[in-house]
Structures are given as structure tokens and as C-alpha cells.
Amino acid sequence: MSNLTIVELFRELADWLELAGEDGFRIRAYQNAARALQDQSEDLGKLAAQGGVKALKQLDGIGEGTAKKIVEFLDTGQIAALEAQRAKFPPGLRDLLRVPEFGPKKVAAVWHELGVDSVDSLEAVAKEGKLAALKGFGKKTEENVLKNLQLFRRSRGRTTLPEAAELAASVVAALQRAAPGVTVQPAGSLRRGKETIGDLDFLVATDDAAPIMQAFVSLPEVKEVLAHGPTKSSVLTVGDLQMDLRAVPPASLGAALQYFTGSKEHNVAVRERAVRRGLSLNEYAVTRIADGSPVASATEAEVYAAVGLPWIPPELRENRGELALADAGELPQLIEVDDLRGDLHCHSTWTDGKLSIAEMAAAARARGYDYMALTDHSKALAMTGGLDEQRLLTQVEEITELNRLLAPFRILTGIEVDILRDGSLDLDEAVLDQLDFVIASIHSNFKLARSEMTTRMIRAVENPVVDLIAHPTGRVLGQREPYELDVGALIAAAAHAGTMLEINANHRLDLNDLHARAARDAGVTLVINTDAHSAKDFASMKFGVLTARRAGLSKHEVLNTLSLTELLDRLGRE
DNA sequence: GCCGTTTTCGGCCCGACTGTTTTCAGTCG
């Protein structure tokens with residue numbers, strides 16, 4: 001069983017309590033608990049088996065109540081408190097909470113007054129005009145419900161970081177053209193480098209916001225204007241992504257940036273800290289509660305300083321312990337894109353890449369890299385023209401030739417060898433042993449049971465010829481879910497065997513931020529690679545670095561920040 | 001329900017916008 005099963009139970013419990021109109025703080029406590037459990041890479045079943053309620057209570061946000069419920073679920077397969085709530089409501093009611101502009105109060109109202117118990121029945125009563133007659137509802141609400149229901153049905157969920165970053169760049173450029181001299185800055189989860197983005201937040205510091213607000217709601221990407229006020233506008237793009245633009249006076253830029261960058265959880269924690277110091281924090285300034293006098297507002301550093309903290313990098317602002325680190329002066333020096341000296345996962349036309357080995361090397365050099373590893377696929381991936389032992393050895397000869405021409409730049413010989421169903425490798429290990437860098441990864445038999453997949457993976461991890469496991473969980477952002485795998489067990493095995501794990505930067509972000517952090521904490525060395533199949537793919541390195549930064553990684557914890565000499569030494573090659 | 005530089009009780013972040021209202025509730029982030 002995965003931790004997510006338990007996470008989902010507490011989310012559900014929080015939803016029912018909201019509908020029941022229970023105390024908001026209790027609801028928030030359950031939501032916080034769900035989030036804390038989601039952040040936990042250690043298997044909860046294992047943790048509970050070893051330390052029981054006491055061990056679970058050690059986790060931030062988990063107290064006596066939730067710890068006991070977790071144990072109850074592990075022991076009996078259900079949670080009595082949750083079952084009691086389930087009995088009170090029709091199951092479809094939870095879906096209604098996901099309809100935009102429909103919160104617990106409105107859902108409860110339509111259920112009690114009109115017997116609405118599903119998205120379909122909500123649509124029906126709205127079409128019949130019964131909704132407008134309800135107290136607190138009106139004609140406009142009814143129209144919006146019908147629109148929002150369409151959106152709800154169509155919604156693709158969250159957009160991936162790379163897609164969102166591209167859209168944001170074009171929006172910023174367009175707004176800058178419309179209002180020259182005014183700085184437009186993306187905030188929100190994009191600035192924090194989150195792997196998926198629910199909506200885009202932009203911030204502009206100006207005393208004259210009307211023109212830029214107008215430009216924003218008139219962008220060609222905009223399908224619908226949701227709100228258009230003097231300091232805030234919201235729009236829906238043709239791709240059904242919501243974008244918000246907020247305007248603040250220039251003197252408030254720091255407070256506003258801090259506020260709109262979030263995360264919400266981080267901000268709540270910062271504001272709680274402010275209150276303890278007799279300060280209040282909003283998007284305009286930090287003020288003294290006693291007399292309302294301003295303390296800070298112009299820069300983010302000032303805002304954090306006002307609550308006794310150093311500036312915290314946006315990627316760490318998730319309330320996952322960064323405040324405690326900042327307080328202790330122990331924030332990590334986070335890795336930066338310029339720290340990378342090479343890319344150790346690249347393909348060529350020998351398999352499914354778009355460029356020759358020489359062209360890929362030229363592109364890597366053009367980025368300022370000192371080295372790259374050429375790691376084409378192995379023969380099991382027939383559709384890519386995967387290499388067999390003979391072709392691989394021929395490729396090595398070509399690379400050796402190229403290296404004579406390219407020195408001091410160096411192409412490391414390598415392979416991305418398939419991990420077969422039983423955990424063995426797709427190529428003769430005696431041949432693999434001759435390569436500079438051996439990556440192993442899974443491209444088939446995704447549907448194995450969790451235990452079988454974990455055993456398969458660990459066998460590859462423990463194979464002494466394997467240097468790195470690439471995209472360890474197999475997910476592709478927005479396209480493919482990870483396969484069933486005990487990532488905690490994988491990390492432990494990798495730490496024990498000295499095998500490295502990848503943060504794959506190209507549309508995978510795999511490992512993700514939390515797994516990468518857990519791997520680092522276990523003593524595993526990480527490698528950030530783009531899995532480049534073309535020259536432009538190298539550019540996705542920045543997303544891998546963002547993920548590493550969210551994991552709290554420093555330069556020295558990532559292999560491909562080493563110089564060529566250090567790298568070869570580390571790999572035991574010349 | 002959780003938590004503690006106000007520590008086992010009594011707090012728990014803050015504001016904009018919309019749509020419904022005659023002063024505010026609900027939702028969102």
C-alpha cells in the first residue's frame with residue numbers, strides 16, 4: 001500500500017467535515033496532516049510497524065488524533081470517524097467541491113434545499129432555473145455554474161512546469177510591450193519551480209495599473225475574463241489555464257512578491273511568525289500591530305528580515321522546514337544552472353536521437369559544457385533501434401575518434417541499458433564494464449506489482465556495472481503516472497550500493513523534489529540530466545535544477561557539477 | 001486537531017473580487 005492511500009483518506013475526511021460545517025481549524029489540521037503525509041517518502045506502514053503512534057507523532061502536523069487514525073487504518077482497513085462522515089453524505093457531493101466557485105457552503109445549500117447530490121444533478125437544476133431562486137444565489141450565479149461545470153468537465157488539471165514557463169514568458173513579453181518601463185514578474189508556483197502549475201500569477205509594480213490591466217485581459221491567449229478590477233484581474237486562457245495579474249504600488253513590491261510567490265503554507269507560517277513578534281504581514285507591507293506603523297515593504301529581503309529571517313529562495317517556500325533552517329542560519333547554498341559542467345544522459349541518431357554524436361557534442365560545447373555522456377538505448381528497445389553489444393562497441397570507436405578532435409571537451413562512452421523484467425540488464429556486463437558511464441532504466445513491463453517492481457529495480461541498483469538509475473519512477477509529467485515502486489526501498493538500496501539516482505529534467509522531473517531530497521538525506525549522489533534527443537533539449541536543464549533546488553540540493557551533492565578531471569576520478573576512469 | 005521564545009489552554013493569516021446584498025457571505029489564492 002502506498003502512502004497516498006492514507007493521504008487521500010484524510011483529504012476525504014476534511015472534505016466531509018467542511019460539508020458538515022465543522023470547525024475550520026480542525027479541517028485545516030486534517031488537510032495539513034494529509035500534506036505532511038504526502039511529503040513523507042518513508043513508508044507509513046513501515047514507520048507505524050516500527051514505532052507505532054509515537055513514531056507517527058514525530059512527523060510535523062501529525063498529532064495524537066491523526067496518528068491513532070493511521071494506526072487504526074493499518075490495523076482494521078478503515079477509520080471509524082471517516083465511515084461515520086461517509087454515512088451522512090451522498091458520495092457525489094465531494095465532486096461538487098471541485099466545481100469552481102462552489103465551496104462547502106454552496107454545496108451544502110444545493111444539497112439540502114434542492115437535493116443536488118452530483119455534478120449532473122447540479123447541471124439539471126441550473127438548467128431548470130431552480131438555482132436562481134435559492135437564497136444567496138441569483139441569475140448570475142446560475143449562469144456561472146453552467147459555465148464552470150463545462151470547465152470542470154474539460155479541465156485537464158494542472159499544466160506542466162515547462163509548458164507554463166513558456167506561456168509565462170510570452171505573457172510577460174507582451175505586457176512589457178504594452179507598458180514599457182513597468183516590470184512584470186511571474187510569482188506563484190511558477191517562481192517556486194513547482195513541477196505542475198495550477199494557474200499563473202503575475203505581479204506588476206505601478207501606480208497606474210489601468211493600462212496594463214487592460215492589456216492583460218486583451219491578450220490573444222485569453223478566452224474569457226473572470227475578473228477585471230483596478231488592482232486584480234483574472235482570465236482563462238484558450239488552454240483553460242487561469243492567469244491572475246495583481247498590481248501593487250512600487251513601494252510594496254517586496255511585500256507583494258513575497259505574498260504572491262507563496263506557497264500559501266509558507267506564507268501562513270511566516271505570518272504566524274510575524275504575529276508572534278507583534279507584526280502583521282500582508283501584500284503591501286509588514287506593519288507593527290500596535291500602532292499600524294510600517295516596518296518593511298520594498299524588497300523581499302527586508303520583509304524576511306523584519307520577521308528575523310534571511311531571504312529564503314522561492315523554491316524552498318513550501319513550509320517543509322525551511323523556516324527552521326533559515327532561523328538557524330542553515331539554509332543551503334542551492335545549486336544553480338551555471339554549476340553544471342556537463343550532461344550525462346544524451347542520445348544520438350544511433351538510436352532515437354535527432355542529431356549525430358558530433359552534432360550533440362557541438363551543442364553541449366556551445367552551452368559551455370566540458371563533457372557529455374552519450375547514452376543511447378539498448379537492444380530491448382527495438383523501436384528506437386537500440387544497440388546490441390557489437391554496435392555499441394563500434395559506437396565506442398567512433399567516440400574515441402571524436403574525442404581526439406574535440407579535446408579538451410570529452411564525450412564519455414555510455415549506454416542507457418534496459419532493466420529487463422527480472423532486474424537483469426539487456427546487454428552483456430563484460431561489454432558494459434568497458435564503458436565510462438552506465439545508466440540503467442526501465443522502459444517496459446510498467447504494470448508489475450509493487451513488490452515485483454521494487455525487487456526488479458533493486459537488482460539493477462545492486463549490479464556493480466550500473467552507475468546511475470535514470471528516471472527512477474517512470475513518470476512523464478502530465479502523461480504517464482509513475483509505476484508502482486517502493487521509492488524508499490530504492491533509495492536505501494542505492495545508498496548502500498553507491499549507485500547514483502537521476503533527476504531527469506526533460507518532461508519527467510523524475511526523481512521529483514521530495515524523492516531527491518530523501519535520496520540526498522540517505523547519502524545518495526544525484527545527477528541532473530536532460531535525456532537530450534536534440535540540441536534544444538539541453539535547455540531543459542533549468543527545470544531539473546529547479547527541482548534540485550526544491551530538494552534543497554547544493555552543488556557538491558550533484559555529480560555533474562564536477563570538473564572533467566574530478567568526474568573521471570570519481571568514476572574510476574581516465 | 002495541532003502546537004508551544006505567550007508551552008497543556010487558547011489560539012490558529014489576510015485581503016480582493018463577485019454577487020448577492022442594503023452591510024455582507026462565500027470563494028479563492
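Computed over heavy atoms, backbone and side chain alike; hydrogens, waters and symmetry mates excluded. In the text below, chain A, chain B and the rest are named by the order of the sequence lines, each starting its count at 1. This structure is a prediction, so every number in the text was calculated from the model and none was measured.
Residue order along DNA chain B, read from the 5' end via each residue's closest nucleotide, puts L281(A) first among G136(A) and L281(A). Along DNA chain B, the nucleotide nearest S233(A) and the nucleotide nearest E142(A) are compared for position; the residue whose nucleotide lies closer to the 5' end is S233(A).
With both ends at atom P, the span from dT23(B) to dC28(B) equals 26 Å, rounded to whole Å. Comparing dT20(B) with dG15(B), their P atoms are spaced 26 Å from each other, to the whole Å. The P atoms of dT21(B) and dG26(B) are separated by 12 Å, rounded to the nearest whole Å. Of the P atoms belonging to dG11(B) and dA16(B), the separation is 26 Å, rounded to the nearest Å. dC2(B) and dT7(B): their C1' atoms are spaced 13 Å apart (whole Å). When the P atom is compared between dT8(B) and dC3(B), the two are found 16 Å apart, to the nearest whole Å.
Contact annotation: K69(A) side-chain N/O to dG1(B) OP1/OP2 distance is under 4.0 Å. Within the structure, every side-chain polar atom (N or O) of S234(A) is placed at least 4.0 Å from both OP1 and OP2 of dA16(B). Contact annotation: T141(A) side-chain N/O to dT20(B) OP1/OP2 distance is under 4.0 Å. When the side-chain nitrogen and oxygen atoms of Y284(A) are compared with OP1 and OP2 of dA16(B), one or more of them lie within a distance under 4.0 Å. OP1 or OP2 of dG19(B) has at least one side-chain nitrogen or oxygen of N144(A) nearer than 4.0 Å.
Among the nucleotides dC12(B), dA16(B), dG29(B), the one closest to the side chain of Y259(A) is dG29(B). Set against dC17(B), dG1(B), dG15(B), the side chain of E283(A) has dG15(B) as its closest nucleotide. Side-chain atoms of A29(A) lie closest to dG1(B) of the nucleotides dG1(B), dG26(B), dC17(B). Of the candidates dG1(B), dA16(B), dT6(B), dT6(B) carries the atom nearest the R276(A) side chain, counting heavy atoms from C-beta on. When distances are taken from the side chain of P104(A) to each of dC14(B), dC12(B), dT27(B), the shortest belongs to dT27(B).
Within 4.0 Å of H266(A), counting heavy atoms only, lies no atom of the nucleic acid at all. Note on I27(A): nothing from the nucleic acid sits closer than 4.0 angstrom, heavy atoms only. Within the nucleic acid shown, K106(A) comes within 4.0 Å of sugar-phosphate atoms alone, with no base atom in reach, counting heavy atoms only. F25(A) comes within contact range of at least one nucleobase, with a heavy-atom separation under 4.0 Å. Heavy atoms of K140(A) sit under 4.0 angstrom from primed sugar atoms or phosphate atoms, though from no base atom. Residue contacts for N267(A): at a heavy-atom cut-off of 4.0 Å it reaches no nucleic acid atom on any strand shown.
Using a distance-only test at 3.5 Å, with no hydrogens or angles considered, no donor-acceptor pair links the side chain of R86(A) to the main chain of L13(A). Without hydrogens or angle criteria, S252(A) side chain to Y284(A) main chain gives a donor-acceptor distance under 3.5 Å.
No side-chain N or O of E142(A) forms a donor-acceptor pair with one of N144(A) less than 3.5 Å apart. For the residue pair R317(A)/S263(A), the side-chain donor-acceptor check at 3.5 Å is not satisfied.
For the segment residues 54-68 of chain A, residues with any heavy atom less than 4.0 angstrom from an atom of DNA chain B are, sorted by number, D60(A), G61(A), I62(A), G63(A), E64(A), G65(A), T66(A).
In this pair, F10(A) and Y30(A) present their aromatic rings parallel. The plane angle is below 30°, not in the 30 to 60° band.
For the side-chain contact (heavy atoms from CB on, under 4.5 Å) with M243(A), the qualifying choice from D201(A), L167(A), L236(A), D199(A) is L167(A), the only one to do so. I312(A) pairs with exactly one of L323(A), L325(A), V270(A) by the side-chain contact (heavy atoms from CB on, under 4.5 Å) rule, that one being L323(A).
Other residues, nucleotides and ligands contribute more than 12 heavy atoms inside 6.0 Å of the NZ atom of K46(A).
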